[in-house]
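Protein chains get the first letters and strands the later ones, always in sequence-line order, with residue 1 at the start of each.
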Amino acid sequence: MQRPIKVLNVAEKNSIAKQVSAALSNNAARNQRSCSTYNPLFFFPYSINGQPCDMVFTSVAGHLMELDFPENWRKWKACSPVDLYGAPVLKNVPQDKKQVERNLQEQARQCQWLVLWLDCDREGENIAFEVIDVCRRANPRLLIKRAKFSALVRRELERSVQTLGLPDENASRAVDARQEIDLRIGASFTRFQTMLLQDKFDWRPGGDEEEQRKVISYGPCQFPTLGLIVQRQWEIRAHVAEPFWYIHVTYRAPEGQQCTFHWRRGHLFDHAVATVLYEMCVEAPLATITRVDARQTLKHPPLPLATLSLQKEAITHLRMPGERMMKVAEELYQEGFISYPRTETDCFDPAYDLKALVRDHVQDARWGQHAQRIDSGEMWSNPRSGGHDDKAHPPIHPTRWTAGQPNWHQEKARLYEFIVRSFLASCSKPAVGFQTNIEARIDAELFTTTGLMVMERNWMEVFPWARWGGNDNLPPFAVDQTFMPTELLLKEGVTHPPPKLSERDLIAAMERHGIGTDATVADHIQKQLDRGYAAKDAAALFSPSPLGEALIAGYHKMGLSNLWQPDLRGIIEHNISEVARGRRTKEAVLEEAVQHFRGDYRAAALKSGVMVEEVARFFDLRAGGQAQAAGAPPSEELGPCPSCTLPLGLHKPEEGTPYVACAGAPICRKAVYFPRATTHADVSPQSCAHCPGNMRKVAFRFRRAALPYGYDAEMAACVLCDQRFQDLCEACGTNRPPEHSRAPGRGAGQRGGRAGRRVPAAGRAAPQRGPRGRGGRGGAAAAEGRGAPRSRRRGRDSDSDSDDAGWAVGPRARTMSRGPGRGQPHQRARGARYGAQAAGRYAAGRGRRQHANGGSLISATGHVMGNGAAHGACFKCGQPGHWSSVCPNQD
DNA sequence: GCAAGGTC
């Protein structure tokens with residue numbers, strides 16, 4: 001008989017230690033308190049590959065160590081912030097984790113093996129090495145093993161413990177790199193901003209000294225988050241309302257049923273064209289039904305809840321901010337009513353006994369009946385899978401039934417109810433409806449209407465927040481039937497700016513850009529409010545504070561927008577992922593990052609006057625602050641353009657001559673554009689095809705919703721005649737269905753000079769306009785007069801600094817507007833950001849004169865063709881697989 | 001007085 005060895009097992013948190021111990025010991029583990037309050041010990045015998053073991057299971061509570069500068073570098077005035085890029089950093093166990101450390105060391109001394117059961121992600125791997133470090137100091141002879149598990153179910157845990165491996169050093173080193181980058185840039189820019197601005201301005205007139213002192217923090221998650229809020233504010237401000245027209249048709253049947261028809265063209269921005277089409281309808285108003293399509297349709301229940309989806313739902317349905325929701329969920333979890341609330345998993349393990357969980361709720365007065373129907377199988381349907389699994393936690397679900405606890409506050413009861421109902425809904429059958437789509441023709445115009453009858457509500461019965469319904473009083477139509485419309489009107493509408501960001505939108509945007517993790521997204525949002533960078537109004541919509549906007553505008557004017565653009569975090573993540581994959585060393589990535597951000601820091605410090613000037617637009621200088629501010633250089637004097645040596649800022653040539661484009665650098669990356677256009681690109685002599693004027697660039701971001709397929713967010717329009725260069729469908733004048741661009745004969749490129757009007761792909765030089773530039777009459781106005789910020793998500797081109805291409809904002813910056821592999825761009829432009837129905841409200845893009853621009857191409861289908869590139873076909877050569885801006889078939 | 005990421 002072999003003598004048992006002692007094995008120390010460490011999990012990331014107590015709940016995992018408890019579950020794994022229970023699973024491996026058949027609920028026979030002996031529980032004992034340790035010197036660490038939240039990390040008890042569990043003892044049980046076990047056998048690993050035939051080797052008898054005395055298992056001791058305990059836990060840490062997240063990271064055991066913290067990265068910081070040595071004491072003498074922590075004093076703010078001890079060094080220049082730029083020195084923090086070269087300062088040493090230390091990893092230490094902070095005071096509040098000393099108990100955890102002691103517990104580990106006490107146990108490690110008595111054990112031969114150390115088995116690491118930390119979460120199977122990068123951070124978990126890093127914590128594993130922290131645990132190793134601490135335990136090895138107490139017992140250098142420890143044998144180190146790593147348990148990898150993909151679910152906390154017995155079979156999987158048993159498999160895991162019999163196939164122990166080694167911890168992944170690369171993953172851990174990636175986290176070390178992330179921590180160091182975050183610390184260095186966070187600390188240096190926080191000190192920079194704070195020491196530059198803190199005492200210079202009267203932040204709260206009349207406030208005492210304590211109120212005046214505020215930390216103006218910078219963080220690689222904080223600032224991209226703030227950037228999203230500010231960017232939206234600028235987009236709202238830049239919106240130009242434009243009227244549009246549409247034909248409105250209603251019909252009321254003699255039996256009383258009624259419906260409203262929607263024009264297939266949506267709406268037109270050309271009043272003349274809309275009027276002509278309308279008059280044609282009025283002259284032959286009898287409508288003919290051309291299509292009746294009726295079918296059963298399903299509405300699926302919600303996916304199992306992960307942290308971010310729960311946050312988004314709680315905000316929408318319970319009006320509970322994400323950060324608050326996490327606190328309440330934490331309480332529910334601590335009391336054992338719900339599962340672990342920080343999870344990315346949105347699919348249940350098939351081995352999970354969901355019916356048992358449901359059965360727990362049949363006694364409830366509110367949802368018991370529905371639970372009963374699920375349990376009996378009548379309502380049961382396997383929960384859908386969202387396709388995400390963090391391999392450590394199940395989706396958020398109730399773990400214990402309660403009718404409510406006397407000490408519960410209202411929010412807690414509501415959140416519990418939401419989680420229970422959501423869980424029951426996810427285990428229920430989909431709702432069934434009967435949808436009828438009708439198409440009618442009046443003259444040559446097509447109109448559609450839809451009716452929906454909900455036949456079975458199913459999951460919606462237990463989930464009162466769900467809405468599904470439509471016109472259930474549709475007149476009975478048959479193909480070829482004719483009717484006289486009750487109303488046939490030409491109505492006018494107007495485009496609206498995008499709404500302010502809601503917390504839900506903000507979370508979604510952060511998720512999309514990889515800013516923060518599921519556990520920290522809400523914290524980063526809360527930090528915007530705590531730091532006074534943004535405010536939330538009564539409708540829970542975010543807008544930047546003057547300080548928040550000034551900070552972003554300041555970096556923007558310095559040409560350092562990469563410090564706040566949403567890609568920042570994604571780029572850091574991308575680089576450290578290379579370390580985790582073993583493709584690059586931690587040292588190389590760190591060195592590159594330090595160089596890059598030190599460069600940005602120096603640039604920011606050199607132009608600090610720009611920041612002071614920006615803040616001075618919103619806040620009064622304090623007594624004594626004047627002198628410093630007066631010495632700051634005005635923002636127009638930013639030094640020479642790195643590409644052409646012309647002074648940055650507005651370069652004004654002789655009267656009557658066109659503005660000079662910077663040869664070889666059509667987009668001057670270091671220049672700024674807000675609030676005054678000052679890039680050389682803005683004053684480049686792009687000439688109008690219709691008049692001898694120069695074109696101006698206009699912000700089109702929020703007009704994209706109505707733009708035809710594949711247009712860039714930025715487009716050019718002539719200052720003098722305001723022609724915008726777009727190819728639009730003259731026949732329908734609206735967003736074209738996919739078949740338009742598939743038709744032969746496509747080729748907007750056949751229109752001369754097209755390439756010159758398009759914004760070049762990031763990282764490529766823009767095609768220079770040739771001798772078409774005629775005169776500069778519009779140039780001055782173009783450059784000076786357009787204060788509206790352009791929505792340029794380009795940042796710095798990837799060739800901006802040859803030594804740090806990996807840290808520059810490259811083509812990723814464009815993925816929101818389009819990008820291979822991210823879905824159909826047109827669909828996303830319309831739907832992804834605001835929802836398909838809402839898209840029309842923001843639609844503007846097509847100038848009213850769009851149809852006057854002649855020279856359009858009529859395809860075989862009678863439609864004017866535009867850029868097919870959005871469908872994967874190049875608009876220049878018509879071939880799929882590449883963008884027109886990188887067309888290999890044409891120059 | 002700085003970050004972000006774990007967790008309580």
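Among the heavy atoms of the strands, none lies under 4.0 Å from A:Gly124. Among the protein residues, A:Asp68 comes within range of the nucleic acid bases, having at least one heavy atom under 4.0 Å from a base atom. Here A:Glu330 lies in heavy-atom contact (under 4.0 Å) with sugar-phosphate atoms only. If you check every strand for non-hydrogen atoms under 4.0 Å, A:Gly62 touches a base.
Each of A:Gln105, A:Glu101, A:Gln107 was compared with A:Asn103 under the side-chain contact (heavy atoms from CB on, under 4.5 Å) criterion, and only A:Gln107 meets it.
Annotation: side chain of A:Asn575 is not in contact with side chain of A:His596 (no heavy-atom distance under 4.5 Å).
Judged by distance alone, with hydrogens and angles left aside, the side-chain atoms of A:Gln528 form a donor-acceptor pair with the main-chain N or O of A:Gln222 at under 3.5 Å.
Taking atom CD of residue A:Glu66 and atom P of nucleotide B:dT7, one finds them 15 Å apart after rounding to whole Å. Taking atom OH of A:Tyr601 as the reference point, atom P of B:dA3 lies 15 Å away to the nearest angstrom. Regarding A:Tyr85, its OH atom lies at a distance of 13 Å from the P atom of B:dA3, rounded to whole Å. When the P atom of B:dA4 is taken as reference, atom CG of A:Leu183 falls 11 Å away, rounded to whole Å. In this structure, the CD1 atom of A:Ile576 is 11 Å from the C1' atom of B:dG5, given to the nearest Å. Counting to the nearest Å, the P atom of B:dG6 and the CG atom of A:Asp523 are 10 Å from each other. Note: CG (A:Leu563) to P (B:dA3) measures 16 Å, nearest angstrom. With rounding to whole Å, A:Leu118 atom CG is found 10 Å from B:dT7 atom P.
Between A:Arg342 and A:Leu67, the residue anchored nearer the 5' end of DNA chain B, judged by the nucleotide with its closest heavy atom, is A:Leu67. Along DNA chain B, the nucleotide nearest to A:Gly219 and the one nearest to A:Tyr340 differ in position, and the one closer to the 5' end is contacted by A:Gly219.
For the pair A:Arg531 and B:dG1, the criterion of a side-chain N or O lying under 4.0 Å from OP1 or OP2 is not met. Phosphate contact (OP1/OP2 of B:dA3, side-chain N/O of A:Ser217, threshold under 4.0 Å): present. Considering only side-chain N and O atoms, A:His524 lies nowhere under 4.0 angstrom from the phosphate OP1 or OP2 of B:dA3. For A:Gln222 and B:dA3, the shortest distance from a side-chain N or O to OP1 or OP2 is below 4.0 Å. The phosphate of B:dA4 (OP1 or OP2) has no side-chain N or O of A:Arg184 nearer than 4.0 angstrom. Here A:Thr194 does not reach the OP1 or OP2 of B:dC2: none of its side-chain N or O atoms lies under 4.0 Å away.
Taking the 5.5 Å centre cut-off and the 30° plane limit, the aromatic side chain of A:Tyr218 is not classed as stacked on B:dA3.
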Audit row: A:Leu90, A:Trp73, side chain to side chain contact (heavy atoms under 4.5 Å, CB included) steps and yes/no: CA-CA 11 Å; A:Leu90 300 171; A:Trp73 297 80; over 6 Å; no

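No more than 12 heavy atoms of other residues, nucleotides or ligands sit less than 6.0 Å from atom NZ of A:Lys18.
Electrostatic pairing of A:Glu125 and A:Arg122 does not count as a salt bridge here, judged by no charged N lying under 4.0 Å from a carboxylate O.
Aromatic ring centres of A:Tyr218 and A:Trp564 lie farther apart than the 6.0 Å criterion allows.
The side chain of A:Thr190 sits closest to B:dC2 out of B:dT7, B:dG5, B:dC2. Side chain of A:Thr520, nearest nucleotide from B:dG5, B:dC8, B:dC2: B:dG5. Closest to the A:Asp182 side chain, of the nucleotides B:dG1, B:dA3, B:dC8, is B:dA3. Of the candidate nucleotides B:dG1, B:dT7, B:dG5, B:dG1 has the atom nearest to the side chain of A:Val215. Nearest to the side chain of A:Arg569, among B:dC8, B:dC2, B:dA4, sits B:dA4. Taking the side chain of A:Ala187 as heavy atoms from C-beta on, and the options B:dG5, B:dC2, B:dC8, the nearest nucleotide is B:dC2.
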